[in-house]
Amino acid sequence: MNNDQQQNISTPSQTILKHNKFWLTVEGAASSVYLILTQGALFTAIAIYFKLTTFWLSVTTAFPLVFQVFQLIAPTIIKRSKNRVRLMIIFNAGRFIWFIPLATSLFGFSSALEFIVIFAVSQLANALAGNVWVGLSRDLIPEHERGKFLGRRNVAISITTMISTYIYTAILDILSKPLSIIITILIGMIATIISIIATFPIRDISLQEISQQSTGNLAPGTNKQKTDSIKSNLVYLFSYNKQLLQDSNIKRFVIAMFAWNFILQLTAPFFAYHQITNLSMSMRLIGITSILTSLLSIIFYRIWGVLGDKLGHKSVLVTGINIVSLIPMLWFFMGKPLWPYMMGVDVLLTGLGWSAIDLGILTFGMEIGGKNSSACFALANAGAGISGLAGAVVGGFLGQKLKPINLTLWSFEINGLQFLFLVGGLLRFLGLALFKKVQAANYAKPGVMVTNVLSIIARRFAIRPAELDE
């Protein structure tokens with residue numbers, strides 16, 4: 001193949017680029033309607049209907065992370081298939097297993113075991129689909145446009161999330177069970193159908209390039225001397241990931257992800273649980289706070305995307321972690337009579353901080369992994385899954401013990417879970433220290449980043465070259 005042909009494969013035309021950007025955005029927006037059912041207050045409400053205890057609520061909340069372990073086999077599957085669009089469609093179709101609890105709910109049947117198994121299978125499919133999506137996005141979107149594209153895509157996702165959150169919470173508040181649960185799951189299934197339809201038009205123009213690389217690069221299942229045996233694939237999988245970890249920067253990133261997700265899962269399941277059971281907040285009120293958070297995210301996704309492309313994606317990630325580390329400590333004061341005021345601050349910090357992390361961890365991971373982004377994310381997410389499960393088990397045990405504790409200091413009410421929030425917030429700063437050790441081409445300190453956020457809002461760019469830490 002001559003140089004012109006190779007350039008055409010690696011550099012898509014603007015027409016194809018716009019085409020892929022549009023359909024990747026539509027797919028993401030539609031998928032978000034389903035995905036929000038697997039997290040936060042909506043997931044908690046559904047899990048409570050299916051009679052999950054506090055401990056099992058904590059464990060199942062970690063499933064999206066736990067099943068990231070199976071991303072380790074995704075590169076092998078991709079190399080064998082050589083059709084990433086088709087694979088993403090197949091894996092996303094795994095969500096249709098939710099039709100089983102939908103059907104049983106029609107007869108008023110709800111089982112914790114049924115829900116746990118169904119949710120586990122759907123999260124396995126999501127993990128594999130996610131790895132395929134990362135590889136597609138990295139190859140189809142040029143690096144210099146990646147931050148801006150993902151920022152705009154996340155804006156579309158946030159808008160869709162706001163609308164669907166309002167609809168979901170209204171349904172759960174107005175309609176009685178099991179009808180509200182049935183309609184909620186059904187909407188998620190319809191959205192999945194739309195996301196699959198939106199995947200078909202995506203043009204994987206890097207496919208031929210990947211096929212060529214697969215004969216020359218080390219990757220699970222690509223060595224000419226491989227056999228089809230499971231043992232052989234496991235040997236190559238181990239060998240490949242061992243070689244990947246020889247890159248000290250990737251190793252630091254994997255370790256940081258491991259620790260960060262353990263810390264997150266200590267408290268993650270209990271924020272929504274505290275709102276529903278201890279604060280007795282209505283689903284619509286919880287939905288309103290989620291919508292306000294999404295509105296803020298829409299604003300900041302674009303800002304973080306611009307800053308990431310100019311000042312470095314690590315800068316965005318570290319700034320976001322600094323912000324969200326304060327949130328669990330804020331929740332120590334999330335009791336009567338202070339919670340309405342604390343909730344307002346929480347909305348602001350959540351919208352600002354998590355939009356930075358959601359964008360930064362993806363773009364920074366792509367920067368670190370380079371051509372091995374899919375494998376790098378597979379390894380990092382596999383470690384995160386293992387540590388997330390460990391954190392969920394420890395958090396579930398502590399939550400079960402702390403939940404019955406109720407104290408009143410003067411007129412301030414404190415539930416035992418709030419002590420867990422306080423400790424969880426302090427531990428997040430340990431995760432922050434590990435991410436700081438990962439090296440990046442460009443890095444600006446959080447104070448500089450916040451200054452530039454304010455400057456962009458004021459329609460000017462304030463960064464000076466001297467403020468960049470190389």
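Numbers here simply count residues along the sequence, with the first being 1.
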| query | At what distance, to the nearest 0.5 angstrom, does CD1 of Ile90 lie from OG1 of Thr199? | reply | 11.5 Å
| query | Would you say Met283 and Ile171 make side-chain contact, with heavy atoms under 4.5 Å? | reply | no
| query | For Tyr34, which of Asn92, Ile190, Asn126 qualifies under side-chain contact (heavy atoms from CB on, under 4.5 Å)? | reply | Asn126
| Interatomic spacing from CG in Leu359 to CG in Leu307 - rounded to 0.5 Å | 10.0 Å
| said: Can you confirm whether Tyr166 sits close enough to Ile291 that some side-chain heavy atom of one is under 4.5 Å from a side-chain heavy atom of the other? | reply: yes
| From Phe258 atom CZ to Asn381 atom CG, the distance as rounded to the nearest 0.5 Å | 13.0 Å
| note | Heavy-atom closest pair (Gly395 atom, Ser58 atom, distance to 0.1 Å) is C-OG, 4.0 Å
| query | Pick one: which of Leu422, Leu432, Leu266 meets side-chain contact (heavy atoms from CB on, under 4.5 Å) with Leu427? | reply | Leu266
| message | Surrounding CZ of Phe96 (heavy atoms of other residues, nucleotides or ligands, distance under 6.0 Å), is the total greater than 12? | response | yes
| field | Heavy-atom donor-acceptor pair, Asn261 side chain to Ser387 backbone, under 3.5 Å | value | no
| query | How long is the gap from CZ on Phe271 to CG on Asp346, to the nearest 0.5 Å? | reply | 8.0 Å
| request: Would you check if the side chain of Thr350 reaches a backbone N or O of Val347 as a donor-acceptor pair within less than 3.5 Å? | output: no
| Student check: side-chain heavy atoms of Phe270 and Thr61 closer than 4.5 Å | no
| task | Report the distance from atom CD1 of Ile323 to atom OG of Ser355, rounding to the nearest 0.5 Å. | result | 7.5 Å
In a table with atom names and distances, give each donor-acceptor pair under 3.5 Å that connects a side chain of residues 294-301 to protein atoms at least two apart or in another chain.
residue, atom, partner, partner atom, Å
Ser294, OG, Ser290, O, 3.1
Ser297, OG, Thr293, O, 3.0
Tyr301, OH, Asp358, OD2, 3.3

| Would you say Tyr341 has more than 12 foreign heavy atoms packed within less than 6.0 Å of its OH? | no
| task | Return yes if some donor-acceptor pair links the side-chain N/O of Lys314 with the main-chain N/O of Val438 below 3.5 Å, else return no. | result | yes
| said: If I compare all heavy atoms of Gly28 with all of Arg153, which pair ends up nearest, and what's the gap? | reply: CA-NH2, 3.2 Å
| task | Kindly give the heavy-atom pair with the smallest separation between Leu172 and Ala45, and that separation in Å. | result | CD1-CB, 4.3 Å
| field | Within the 6.0 Å centroid threshold, strictly below: Phe119 and Phe43 | value | yes
| remark: Output for pair (Phe429 CZ, Lys436 NZ), nearest 0.5 Å, gives 9.5 Å
| Sequence-distant partners of Ser180, side chain to side chain donor-acceptor pair (under 3.5 Å), two or more places apart | none
| query | Shortest non-hydrogen contact from Ile97 to Ser122? | reply | CG2-CB, 4.0 Å
| Are there more than 12 heavy atoms of other residues, nucleotides or ligands under 6.0 Å from atom CZ of Phe200? | no
| message | Closer than 3.5 angstrom, by distance alone: can the side chain of Arg428 be matched with the main-chain N or O of Val324 as a donor-acceptor pair? | response | yes
| Met366 backbone acceptor or donor facing His313 side chain under 3.5 Å | no
